[in-house]
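Step one of this worksheet: look at the structure below.
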There are 2 protein chains.
Amino acid sequence: MAAAKPTGTQGKRSRRTRKAGPSVDDKSSEMPLSLERIVAASVELLDAQGVGGLTMRRLADHLEAGAMSLYWHVDNKEEVFGLALDAVLEYRAPQHVGETESWRDDVVHMLEDWRASMLRHPWSALLLPRLALGPNMLNRLELLSRALSRAGVADADLNAATWSVWNHVMGATITRGNFDRSDDDRNAAQIRLAEFGERYPTIERSRLLLEDDWDGVFRKGLDLLLDGLSSRKG
Amino acid sequence: MAAAKPTGTQGKRSRRTRKAGPSVDDKSSEMPLSLERIVAASVELLDAQGVGGLTMRRLADHLEAGAMSLYWHVDNKEEVFGLALDAVLEYRAPQHVGETESWRDDVVHMLEDWRASMLRHPWSALLLPRLALGPNMLNRLELLSRALSRAGVADADLNAATWSVWNHVMGATITRGNFDRSDDDRNAAQIRLAEFGERYPTIERSRLLLEDDWDGVFRKGLDLLLDGLSSRKG
DNA sequence: ACCTGAACACCGTTCAAGT
DNA sequence: ACCTGAACACCGTTCAAGT
């Protein structure tokens, strides 16, 4: 998928540098396009404008390139999304992972790092469920599965355990992205709820839609799952 | 949100019926637009073509209406999505709910019904995490929260428990939607994985990406959560 | 090898106008 | 009250052409 068109040999642009003069300040206007630059610009644009804000034309503009130049480097917009997503999901595991005696700490660390990466780029949680997995995401999945296996989850239960944990991270991150609105929005939602009077008494009373401790929700749910897993392996 | 523009008084279309002749078969061409018809057509279109296939123009065509007529009934495309989504999430609770002694059966039934509704309309799982909650979804959330409360979850833990269960359903449904591909696709994915050789040994060996028992995965994860909840309430 | 503009077949939405 | 077409400001992508 990220098969990567030619890369590496994108040098020799000598002739062009002179036209713009000696200004060190000429930004990226003189840099040739490259997959790396395209991906970096995509992430910037997505961070700034969200999924709907990334447009092939805007992306090209952002790179000060002709509108259609991107198509030499990339097959289509879907590929741009895929590359941007995987770029943001890179995982640098601390060395100590796997050496600790506590598998649980390893798992919690990996998952919190994953969640943090997605929260830093809110569009990623929306994109991940509809794209193929890139190498960085596959790597995270591999490490997660390995950690659970090392923790003593039986082979027969390993996939269900892996998917359950994956689902929890995905669900929690997506949910937070959708409900972690501004205080104003939250208050408006609660008021709207109150207007319905008798229809939603429980979630009105518990102020469910006003949740503001998403980190806590994530942790508590994860604890339930991990407790279940460790009690089950006996 | 679903505030509903005028509805009900959409009768008197006497003059038009004669032009088309006596044919009983003249389909919807004579019916005036209405929110209900628009929503029904949206669901049809989404079922047939997916999220990307729903277009205001196509929707109008489908309704044999002028291209821009929809805008009298609806503010914008986002509202159409919201109405279609909530339409598909209606819940008809069986009467016995709440009378059973088994809270756990109630919860499991509600969640499997919810998941089944979303799987019947795969676009709904993609849409739900980015739209405001409509009345039907709020109703499901209310019933879920109430069931957990009745089950003995302490008020202080109720919201975290509700969100955890919600996250599991969302995550599991979205995941299945993304990975439950055809056999061909799955085999291709596994082969691609094998090509990476040493990079993903665990998920290659466990054939994680070839998962085909998504119902089982959903159930097992849910059991872990509910076990945790019932053990915690003591 | 790399980039470009023009062109095609679409979008969502506004608006002034029709009945 | 309800519907319409024309128009505006966009899209993604193809293609023949440039260097």
Side-chain angles (χ1 to χ4, degrees), chain A residues 4-20 28-38 41-42 45-46 49-84 130-131, chain B residues 3-19 28-38 41-42 45-46 49-84 130-131:
Chain A
K5 292 253 179 55
T7 182
T9 28
Q10 25 91 317
K12 51 198 83 153
R13 49 189 186 78
S14 38
R15 150 191 37 92
R16 292 152 108 206
T17 36
R18 97 164 57 98
K19 180 192 169 197
S28 54
S29 55
E30 300 305 313
M31 243 184 291
L33 283 177
S34 70
L35 252 200
E36 293 79 40
R37 286 191 67 224
I38 291 174
S42 304
L45 246 165
L46 285 163
Q49 320 252 24
V51 177
L54 178 54
T55 268
M56 295 301 271
R57 287 161 139 105
R58 270 211 277 255
L59 181 53
D61 257 26
H62 202 66
L63 289 161
E64 310 200 43
M68 303 293 99
S69 310
L70 299 173
Y71 284 93
W72 194 88
H73 300 267
V74 127
D75 278 345
N76 48 42
K77 194 183 176 181
E78 196 77 355
E79 190 178 334
V80 175
F81 277 141
L83 293 170
R130 67 181 208 218
L131 298 176
Chain B
K5 293 251 179 58
T7 183
T9 29
Q10 23 92 316
K12 54 199 82 154
R13 51 190 183 77
S14 39
R15 151 192 35 91
R16 293 151 108 207
T17 36
R18 96 164 57 98
K19 180 195 171 194
S28 54
S29 55
E30 300 305 315
M31 244 182 291
L33 283 178
S34 70
L35 251 200
E36 292 78 43
R37 285 192 68 225
I38 291 174
S42 304
L45 246 166
L46 284 164
Q49 321 251 25
V51 177
L54 178 54
T55 267
M56 294 302 272
R57 287 162 139 105
R58 270 211 278 255
L59 182 54
D61 255 27
H62 201 68
L63 289 160
E64 310 199 44
M68 303 293 97
S69 311
L70 300 172
Y71 285 93
W72 193 88
H73 300 267
V74 128
D75 278 345
N76 48 42
K77 194 183 176 182
E78 195 77 358
E79 189 177 336
V80 175
F81 278 139
L83 293 170
R130 67 182 209 218
L131 298 175

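Just so it is clear: chains get the letters A, B, ... in the order the sequence lines come, proteins before strands, and each one is counted from 1.
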Using side chain to side chain contact (heavy atoms under 4.5 Å, CB included), reason through A:V80 and A:L70 one step at a time and then give a plain yes or no.
CA-CA 10 Å; A:V80 175; A:L70 299 173; over 6 Å; no

Span that lies between the C1' atom of C:dA9 and that of D:dA9, in whole angstrom:
16 Å

Partners meeting side-chain contact (heavy atoms from CB on, under 4.5 Å) with A:D61 (sequence neighbours left out)
none

note: B:L35, atom CG; D:dC3, atom P; distance rounded to Å ~ 11 Å

Once you round it to whole Å, what is the distance between P of D:dC2 and CG of B:L63?
16 Å

Could you check which of D:dT4, C:dC2, D:dC3 has an atom nearest any side-chain atom of B:A65?
D:dT4

Audit row: A:N76, A:M56, side chain to side chain contact (heavy atoms under 4.5 Å, CB included) steps and yes/no
CA-CA 9 Å; A:N76 48 42; A:M56 295 301 271; over 6 Å; no

Summarise how protein sits on nucleotides 6-19 of chain C as a single string, 5' to 3': B when a protein heavy atom is under 4.0 Å from the base, S for sugar-phosphate-only contact, - for no contact.
BB---BBBB-----

OP1 or OP2 of D:dC3 less than 4.0 angstrom from a side-chain nitrogen or oxygen of B:H73, does that happen here?
yes

How far does NE2 of A:H73 sit from CG of A:L33, to the nearest 0.5 angstrom?
4.5 Å

Looking at B:L45, is its backbone amide N or carbonyl O close enough to the side chain of B:Q49 to form a donor-acceptor pair, meaning the two atoms are under 3.5 Å apart?
no

Flag, side chain of A:S42 to backbone of A:I38, donor-acceptor distance under 3.5 Å:
yes

Watson-Crick or G-U pairs under 3.5 Å in DNA chain C, rendered as dot-bracket with [ ] for crossing pairs and | for another strand:
||.|||||...|||||.||

Work out how far the C1' atom of C:dC15 is from that of D:dC3, and round it to whole angstrom.
14 Å

Beyond-backbone contact of A:F81 with A:V51, side-chain heavy atoms, under 4.5 angstrom
yes

Could you pull out all residues at least two apart from B:A41 that satisfy side-chain contact (heavy atoms from CB on, under 4.5 Å)?
B:L59, B:H62, B:L63

Between C:dC3 atom P and A:L33 atom CG, what is the distance in whole Å?
5 Å

